[in-house]
Structure formats: C-alpha cells, structure tokens
Amino acid sequence: MTIAPTRIPRQRELQADPRTMGTPEEPRDLRLYRRMRFIRRFEETLLGLFDEGVLNGTTHACIGQEADAVGVIEHVEEGDHIFSNHRCHGHYLARTGDALGLMAEIMGKEAGVCGGIGGSQHVCAPGFMSNGVQGGIVPTAAGIALAMKLRGSDRVSVVFIGDGTLGEGAVYETLNIAALWDLPLLIVLEDNEWAQSTPTELNTAGSMRARFEAFGIPVTETTTTDVAELDALAGNEIAAVRTTGKTRVLLVHTYRLCHHSKSDDHRPEEEVALRWVTEPLAIARQRIAESQWQRIDAEVEAALAEVVATARALP
Amino acid sequence: MTIAPTRIPRQRELQADPRTMGTPEEPRDLRLYRRMRFIRRFEETLLGLFDEGVLNGTTHACIGQEADAVGVIEHVEEGDHIFSNHRCHGHYLARTGDALGLMAEIMGKEAGVCGGIGGSQHVCAPGFMSNGVQGGIVPTAAGIALAMKLRGSDRVSVVFIGDGTLGEGAVYETLNIAALWDLPLLIVLEDNEWAQSTPTELNTAGSMRARFEAFGIPVTETTTTDVAELDALAGNEIAAVRTTGKTRVLLVHTYRLCHHSKSDDHRPEEEVALRWVTEPLAIARQRIAESQWQRIDAEVEAALAEVVATARALP
Amino acid sequence: MIFSKELGAALRESLETDDRVVLIGEDIIDPYGGAFKVTRGLSTDFPERVRTTPISEGAIAGISAGLALAGMRPIAEVMFGDFITLCFDQVVNHITKYEAMYNGQATCPVVFRVPSGGHRGYGPTHSQSLEKHFLGVPHLKVVAASLFHDPREAFRGFLEQNTPVLYIEHKLLYPQNLRLPEGGMVGDLMAVKHGSTIGLSAVPRNDCTATVLAYGYQAMLAAEVVERLAVEEEIFVELLVPAQLSPMDWTPVEESVRATGSLVTVEEGTGGWSWGTEIAAVMSEKAFGRLRRPISVVASERTVIPSSRAREAGMLVGTPQIETAILEAAK
Amino acid sequence: MIFSKELGAALRESLETDDRVVLIGEDIIDPYGGAFKVTRGLSTDFPERVRTTPISEGAIAGISAGLALAGMRPIAEVMFGDFITLCFDQVVNHITKYEAMYNGQATCPVVFRVPSGGHRGYGPTHSQSLEKHFLGVPHLKVVAASLFHDPREAFRGFLEQNTPVLYIEHKLLYPQNLRLPEGGMVGDLMAVKHGSTIGLSAVPRNDCTATVLAYGYQAMLAAEVVERLAVEEEIFVELLVPAQLSPMDWTPVEESVRATGSLVTVEEGTGGWSWGTEIAAVMSEKAFGRLRRPISVVASERTVIPSSRAREAGMLVGTPQIETAILEAAK
Ligand SMILES: Cc1ncc(C[n+]2csc(CCOP(=O)(O)OP(=O)(O)O)c2C)c(N)n1
Ligand SMILES: Cc1ncc(C[n+]2csc(CCOP(=O)(O)OP(=O)(O)O)c2C)c(N)n1
Ligand SMILES: [Mg+2]
Ligand SMILES: [Mg+2]
C-alpha cells in the first residue's frame, strides 16, 4: 500500500528562469507578455514534439487563453492554492515557471514533476494541483479553501474550470456549500465557447452568470483577452476573496485557438481565424515596443530550446 | 438473473373507492378535501400502526403537505408519469387511491403493491414510481419526459422533490439538459422548510427560484396551503408543459407538520404550532359546510377502517 | 460500552487530540447528532470542526478530499452507506489517486464512515452492504467495525497513517455492547490477537475443525453460533474477525487454515465478486492441497433487499445461513 | 472488418431495426462522432435519437434510466470508462434496482458503452478498466467486447432482453480487425463456441495442458501468445474468451478445466477482488481436488496507471505477464 515516490519529494524550488518568467523589477506589461509568450511557445513546442512522436498520451493546449492564466496567477501568493484541470499547462507554468519539470513529465521521464506518472493532466507542485476528471476538482478546491478558513489564514483557493464543466453536478453542490459556509474560493470560469466538439449553445442552457448568482455568489464577467485588463480584474477578485473570505467567480469569455487535444477540430475556419485577431499576445504586443517583444521572444525561445534539449537528454 | 415477480404484474386497476377518492360528479371542493382527508388519515393510521409494531422499516408522512399532492395530481392524466421520493404516500394515494396496496406494502405483505419488496419508499403503479435515493429521480423523470417527446405525444412527466434535494448535483445536470432539450417535465418542489433535521437556511444558499431560472426554466412560486389555489396553479403549469413541451417548475413553500420519519423532531414547538393554523385541511374546510366535511370524514374513516382490517388479515 | 457511544467517544477523542480533524456529513450537528446519533454532542463542543452539510454526498467527499490534501483530517459520515455510490468518483478518481499519481508529493487521508447493512426492514436503498465494490480500489483501506475491536484504536490508527479509509459500521452494531477481549477472553471464548485480527474459539486452534472468517455484524452473529456449537454440540471452530477487509492481512488466516484445513467466509453483502471470493481465491492458492474441503463463501442472495422483514430475513445472511455453513465446514 | 466500424454498424442496425433505441453521450454527434468515432454518421441519419449531451455522466445515466423505464432502449456512451464512476449511483441504486424492487412491474434495460483500458499513455484517469467494481452488482450484466465476438450479435442480444448491461470496449480494440470464427477456425487456431464463450486452441482440448480465461484486449494478446507457444514451443493450452463477465457461464470453464487440470485468468484491471478472483474462488470449489496446480489470477499492479509508457507497460498486464503465467500454468 505504501506509495514509494521514485524521487524524494522536495519543495520544488520554483526555478523561475528570468527569461521565461521575468523578474519583479521588469515592467509589468513586459513580464505579463513574457509569461504568455512562454506558455504559448511551450505548448507549440509540445505539439511539435507530439507530431515528432517523442511524447505519449494526450495533451490539451491552452493556446489563446494564456492571458487568463497569467493575469489571474499574477495575484496568487505563497500559501494560496490553485486547482486546475485537463488544460493545465498554462496555469502550471504561470505559477511555477517549471518548464523542465512539466516537459519531462509529459515525456514520461523520471525527472518529471510527478515522475512521469501523472502526465499532462495530473501535475502537482506546492500550492498547485490538477486532475483531468472534470467537476470533482471543484469541491476539492472548496475543501482546500475550508482548510484555509479553519486555520484562520487569509489564503485563497483558486480553481480553473471550463464552460463544459458546468455540466457536472459537483459544481453546483459546491457552489451551494461554498456560499453557505463563506469559503475563500475563487472560481475562474474560462468559457472558450467549446467543450471538446460541443459549442456552448448545445451544452449550456440559460445564463452562465446566473448559475452562480442563484447561489448568492458574485460574478465578474469579461470578454477581454487583454492580459492587463485581466490582471486588474483578477487582482480585484482575489483581493475581495482574501478580505471577505467569500466565494467569488471570475467569468472570462475567451477562445481556444488550437484543437481540443490533438487533431480533433471541426470548428468553422472563419470562426477560428477571427479569434486570432484578438488573441492575447497580439493584444499585449500593442502595449509594448516591437524591439522589446522581439527581445523577449528571443529570450523565451532560447530558454525553451534549453529546456527541450535538457528534457530530451533525460533518462 | 430473471426476476420472478411474486405475483403476476397487472395493470393495477385503480380501485378508486369513491369514499376516499370521490367521483367525477362530486363538487371539486369536496373531492379535493376528501382526497386530502384520505391521505391525512392514511398517514395518521400508519403512524399508529408503527407505534403498535405492526409495520416495519421506516416511513415519511406528508402531513401538512397534502394539498400539493392533491392539487397537482388532479391534473395528471392517463399516460402522464409521476416520479416521487421517500415522502411518497400522498402522491401515490392521490394518483391511485390504492390504500390497500400501499398499506399491505408497508406491512411487508405479498399483496403489497410491490410484493412487500419496495416498502414505504419504493412503490410503483402504471404512471407512478418512487425511489428513496434523493436526486437521481430527477434525471430519471427527465428521461421519461424525453421518451414522451420522442414518441410525439403530449404527455408530461412530473417529479416531486423536497427543498433538501436541491443539494444534489443530479438536479442541476438535469435542469441544464431538460432546458436544452425542451423536455415536457414539471418539477414540483415542495419546500417544507426542513430537510430531516436541517432548516433550509443551513441547506440552501441564495434563491431557490433563481436556481431554476438560471437555466432559463420558468418558476411559479406560491406559499399557499389552499388546495383550491394549488389546483389552479398546477392546472396552469401542467397545461403549459403539455402545450409548450418545455420544462417548468412549481415551487410550493409548505410545511411538514409531523416528524421527518419517526420520533425525530427537534423543531421549536411554537414554529410547528403556528403551521397547524394554516394546514391544508383546515383551510379547505373553510370552503365547505361543516356537515359536508363531517360526512366526508366519516366516509373516509369507514373506508380506511376496512383497508386496515383487510390488510391486517392478509397473509 | 455501547458501540455507538464508544464510537462517538472515539470521534470526540480525535477532535480533542488532533486539531486537524474535521467531521463532515448530513444532519450530524446537535441536537440531532446524526441519523444514528453517533456524533451527538460533538458540534456543541467543536462547532467549527463539526459541519453539517446539504444533501450532497459527492461534495462531502470532494470537500473532504480538499481538506485532506491541505493537511486536515476529514472524517466524513455518509448518512446511509447506500449513498456512498455518490462518492464513488471522488473515491476512485480523486482521493485514492492523488498520492500515487503525484508521485508521493501529496496525501489524501479521508476517512469515510458508512452506516451499512440490513435486518431492519429499511428496504432496497437503505440496507445495503456495498463495501464489496470498494474492495480492491488501489490505495484504499476498507475497515469494518466490530464488537471485538475498540473504535478508539481504529481512529487513532487512521490518524496516524495517510491512506484513505472506508470504515463500515453495521447499523445493528450501534445499540450493542462492545465485547473487547479481556484477559484473553471474550465471554466464554478464548480471544487471541493476530495483528488487528481477533481469533475467537472455545478450544485451542489445533482442536478446531474449521476456520470462520467474518466481520461486522456477521462477526457478532458468527461468534454466537461458534459459542453455541461449542457448548451444545461440541463442534469447535475458530472465528477470525479482521478489522481490515482490504487489503487483507493473510497471515492469521493462513495460520488458522493450516491447522483446521477448512475455511468458511461470512458477509452480509450480496454474493458474487464479494469479500469472500478474494479470500477463497487467495487461500485456495496459499493452502493448495492442504484443504480438507472447498472453501465456502457465505453471502446474501444476488438481488435487492426486500422491505418485508420476512423476505429480508430469507434473503440476507443471518444466523441460520451461518450455522448451516459452519456445520458443513466443520465436518 | 475494423472493430470500431463494426460496432458503429451494430449501433446503426439497432437504430434502424428498433425505433425504441436512443444513443446518448458526450460529443457523439457528427461531424465529431464520439471521442473514438464509433457513432460517426449516426446522428446525421437519426438526429432525434442520437443525442449529444453536456458533460454530465450522472444525468446521462439517469436520463437513460427514465428512457428505459418508459419502454425505450437507451444506449449510453461514457466517453472514457473511467467516468463510469459518476454513474455508479444510477447503476447501483436506480437502474439495477427497479425491476426487482417493483416486483417485476418495470424493467430498466439501459446499455452502457464504456471505452476502457490503457496501454496508450493516457495516464491515471483515462486508462482504467473499472469493470471489476461492477461485477456482482445484482441484476447487472457485464459484457466485454472482443475481436472474436460479433458486436452486432451482442447488441441484438441486448435489445432482446431486459437486464441492464455494462458493455466494456477496450480502446485498443477499436482499430483492430475482428477475428470472428470462420469454418471453426480463427487464424490457425481451432475455434469452438460454447454458448457465447469462444474456445481457441491449436489442438483438441484433451491435448491441452491448461485453460486460459481472458476477455477484451487481453484476449487478443492471449490468443497471440497461445498461437505462438503452440507453433514455436509446442505448448498447447485452450483459451476461453467469454462475452459475458458477470454473471459467468461456468459450464465451458468447468469442462475445459476438467480436461486440462490447470487454469489461469487474465485481465487488465488491477489485482484484488477482480474478475479472476471470483473465477478462482468458484472453480477452486467446482474443481476441488481435480486441479493440478493452484489457479493463477493475472491482473495489473494495485496502483494508479502511469502516464509514462515505460512505467505503464511495467504496471499493466500485457504480453509478457500473460506468457509467463501461461508457461507456468501449462507445466
Ligand atoms: C468527468 C469527465 N467527463 C468527460 C471528460 C472528457 N473531456 C475532457 S476535456 C472535455 C471538454 C471540456 O470542456 P470545457 O470544460 O469547456 O474545457 P475546455 O476543454 O474547453 O478547456 C471533456 C468532455 C473528462 N475529462 N472528465
Ligand atoms: C442521496 C440521499 N441522501 C440522503 C438521504 C437521506 N434522507 C432521506 S430524506 C432526507 C431529507 C430530505 O429533505 P427534503 O428533500 O427537503 O425532503 P423532505 O424530507 O423535507 O420531504 C435525507 C437527507 C437520501 N434518502 N438520499
Ligand atoms: Mg470549453
Ligand atoms: Mg424538506
């Protein structure tokens, strides 16, 4: 019954490579852009490696949704907790910067963040967990929030879910309890308009917003893909959860630009093309000088190249 | 694997004893009162038999809530379907009038409506079923509604749930699908302010009504215990479901006057006492002459006495 | 030493000695104190850590998972064990997965308490012993209360280790007196501890002609049968009552069967892929060629549990079935 | 004769010949046609009766229950068998209860299709074979697809009877060619039907030195091993591939074991209270004293399924484990 880890569990030092994660000194616009670029290129690299046959299993890229991860997690502090889902790479990287651990994990290597056991959907770091079974992570995140509350801390629990996950009953059981018990929980609902092959209109009756408000939970809703705006909104939300100790929802209407997992996209091309125009990196670049984003891009690229090379060489 | 019924399943002829169920000719006020009186006295008799030790298992009486059962089921027609829960006697009797089958069932006798297997919480007749596991009956009722829709009929599926059952995730999964698919389903939510020992304020965050409306499902809400009013409201609801083919909710704020199952009542005495003033039989009596309700009471009593005597004598 | 009171005391001790402990479940607070009154009094003294919930078994399990991942020690009551079905996803795909799938970087020690079992006429959905479906879930311990095991010890053990636990409480045990071994005896039977398995017999093992393995309420019934057969018919068998059903501690079973050459298992759950079949499979292998007769697995009929007391008694394992099987096995 | 296509054809035939049939599940409509493309094309031709749902496994099961109670024939796809956990309450406390608890006055013949199994690196929550937890649910049939069984026949059978069914489809079977017995042969192996159990062997049963029982993808692997051992090492065993896992048809197993005196069972699910343990328990009794050696139950390690292909291969039963066990059993 004892589960022997293949390597000693360690507080993963968040080896935040300044080339991918930036530094506290870097202007905020640049750092936010850098992190999004990092996530984007990590995932694109991953999809390339899949095609190459180096990886195994499956993967769900968050291309197009990077601003949510980066904007929200900018406000997550030591001792806070994030729960993520099948589409967790962006959240994980924004939180930890641990590209090598994640890459090795998806490659199924011992040095992976979960020794290659969890794979793409099941990763873990201090203050971060993900599980690819939808719905059930929501009460789990609420339980973590309850632990924080019982300890009298001002820490918050953040859970990311997709629009499709609103289909799961566990979500509503949790909303009820989280509202009744005043749990310090922020639900970030990333509505990317699709759940696998199913558009929201086939999945979601009525109003997403009203589903939370029915339980007395306040909802902040946005359609922005601008990380600066998301940064500001998320800052408010997390601060509000932290000070009131009550559950809130950040409802972000966004879009997934890649396929659901791999080669499974039947969406109208024009629909997708239109969203490339407002994708978060393009928007973010408008705020910064071309020379700057080019420099950042190059730094990210160099860092990722090292990660891939190192990961490939791992046993 | 084959399940051999202990008696031949038969279309239970709804042996509607006119003394308990009235006749189509009887003035509506009288018939509705009669049926409520029938249910009330059946349950009171049952509780007496429990104390006597004649019955086994458990039971949940609906004393105080008879108007919901009678008012709604007045509009349920041949081919419609009712799904009920642990507190199902009133619904069953209002639908079938089959006091003997139910009494024998609760006594655990072969002649019981389910051969003594189902017991108090699990009864069945054409167009009627109940199950004591909360939540899961709601999608089941929706599935029955879907069958009606696929067959192109104008039949409706009615499901009774309690306020506490709003805790179960299955309810919300179903609301979403029922609304998306336009299922001919009427949900009758009997909010009796308590779920076992738990008051609604400890069980239910936000607004009951809004929980349905969030899915785009219309809600008709009432606090009446007047069967005539419920009759009218339910008539509208069922007609609306029948003609539109869409899901609706009748939300009745009512009260349970007896204990939850047996000897498990910790509610403040004054709270309960206050509700006896507005209990449905008292209200209904105000509409009819004393001589009439006395006559009806006597008829019901005589009929029930026969049922008990017959049931006791059964093998 | 009424079992339900002792169990309540065990929960109280847990709350007192370990401030990570949180009790969570439906209707568990005062004055009601739970459908079977086990938690009565606890919420009054620990209002923050004894939490009554809406009717949401899935969320009870999920919130417990989160509490446990965050270092707390949730003890969840599922009002009737029948409704543990609604926790199945959390148990199988969340709670028992985390430690292994995160490669040891997290633990999720949720304890579920499930009042189970029939013989009360509660009918098909309030009488089941569903533990067989949870046996063999990797990284889950299934433990059964019995009158011969101190619930305080059980809960102390749960809090000392990190594996999720399903703790089965047969409803008919609640009003019974505990019968803990004292001075090597339980009543007129000799009682020997083998780890957490208790061996009960009227004569030394080597004079027994069969081994009987039972847990929970059935262990209580089996002990009565074993005692009666010894006194009235001079038929001597050894009853083994394990605390932990899965994974099994095979050593005491092997040792007993080596002496007796005959084994019968008893459980109240329905037959087929049940607790006893694993025991029969494993012991048929371990004791291959050394068994006097085939292992007998006594379980209830493969159907729903009738409400009717008469029909229920015919369908569920009880004293008559146990006696018949023991008489056969002891031959 | 690709399995997934034939399965799709079986579903199409069901929709065509029986207008009570309704397909229900996540992402099952065109153009996507389901995560494993089994239902592709069906929604285009039967838009009303092929219904894609929100991500609500519990409601999929519950709505199917209602359809079935109302006389329809729901066939529910659970996208990954891992998520059948979310249907457990409906299966155990609703669907399989109604007929018996209503004393035969209703039937609830829901068919669940569950794409299951590993060996694809999908990790701990998308690779499981959870059927062992559903074996022995009273009034549930558990059936497993194999390359040796025609899915059309399976679905015809399901529609002809009234018991709920859990139909296990191992994901690795989808791209394979069916290998239905033709002229008494499957490839170079003789194929004999015993009810819905297929016996495969290179030589007549009486010349076989062991019986191997396997289903699903493991049956495909086992057949390859059996063939190879016969050709290369002149070791002859009989492979039995049952369609129905629970309840079991014991007759063919008994007959084979009577001839061979040795039995090994193979399954991909984790060990402990698994399919094979019931077989070992029952056959140890039925063939008591007539077995040459203990029954061997081959199952996967009792832990989570790693994403890493290398670690997954070490943990899940595959050809090496099967071969080792057969070599041992044939001695
Ligand atoms: C309980 C459960 N059911 C089904 C799935 C299969 N699945 C994986 S992702 C997905 C769609 C999720 O949609 P959404 O929640 O909108 O998230 P997105 O993929 O769009 O980020 C589905 C159905 C799952 N992982 N878990
Ligand atoms: C799934 C499930 N959980 C718990 C129970 C135990 N239980 C039976 S009745 C009840 C309270 C129900 O409250 P409500 O829905 O308000 O109905 P009421 O009893 O007030 O009519 C509970 C918790 C159950 N029957 N099913
Ligand atoms: Mg989505
Ligand atoms: Mg109520």
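Reminder, nothing fancy here: chain letters follow the sequence lines and each chain counts from 1.
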ask   = Relative to chain D, which segment of A:Q121 carries a heavy atom at a distance below 4.5 Å: side chain, backbone, both, or neither?
value =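 When you check distances to chain D, only side chain atoms of A:Q121 fall under 4.5 Å.
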
inquiry  = Taking side chain as everything from C-beta outward and backbone as N, CA, C, O, which of these in A:N131 sits under 4.5 Å from a heavy atom of chain D? Side chain, backbone, both or neither.
reply    =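 The answer is the side chain of A:N131.
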
query = Based on non-hydrogen pairs under 4.5 Å, which of A:L166, A:L55, A:L202, A:N203 is most in contact with chain D?
reply =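 Option with the greatest count: A:N203.
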
Which of A:G132, A:G136, A:S120 touches chain D most, by non-hydrogen pairs under 4.5 Å =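 Among the listed options, the one with the most contacts to chain D is A:G132.
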
inquiry  = As a quick check of understanding, evaluate side-chain contact (heavy atoms from CB on, under 4.5 Å) for A:I106 and A:H89, giving each step before the final call.
reply    = CA-CA 10 Å; A:I106 302 172; A:H89 303 167; 3.6 Å; yes

Pick from [options]: which one has the most heavy-atom pairs with chain A under 4.5 Å?
{"options": "D:A310, D:S56, D:G123, D:A59", "value": "D:S56"}
{"options": "D:M79, D:M315, D:E26", "value": "D:M79"}
{"options": "D:E57, D:E312, D:R120", "value": "D:E57"}

ask   = Looking at A:E193 and A:R275, does any basic side-chain N land under 4.0 Å from a carboxylate oxygen?
value =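 Counted as a salt bridge, because a side-chain N and a carboxylate O are separated by less than 4.0 Å.
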
Using non-hydrogen atoms and a 4.5 Å limit, figure out which bit of [X] sits close to chain A: side chain, backbone, both or neither.
{"X": "D:T125", "answer": "both"}
{"X": "D:I305", "answer": "backbone"}
{"X": "D:S127", "answer": "neither"}
{"X": "D:Y122", "answer": "both"}

Distance-only polar pair, side chains of [X] and [Y], donor-acceptor under 3.5 Å:
{"X": "A:Q134", "Y": "A:T165", "result": "yes"}
{"X": "D:D27", "Y": "A:T198", "result": "yes"}
{"X": "D:D30", "Y": "D:T44", "result": "yes"}

ask   = What is the ring orientation for D:F3 with D:Y174, classed by angle as parallel under 30°, tilted 30 to 60°, or perpendicular over 60°?
value =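 Ring orientation of D:F3 relative to D:Y174: parallel.
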
task = Anything under 30° is parallel, anything over 60° is perpendicular, the rest tilted; go ahead and classify A:H86 against A:H260.
result =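 A:H86 vs A:H260 ring planes: tilted.
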
request  = For the pair D:R113 (side chain) and D:A76 (backbone), establish whether a donor and an acceptor sit closer than 3.5 Å, ignoring hydrogens and angles.
outcome  =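 Not a single qualifying donor-acceptor pair exists.
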
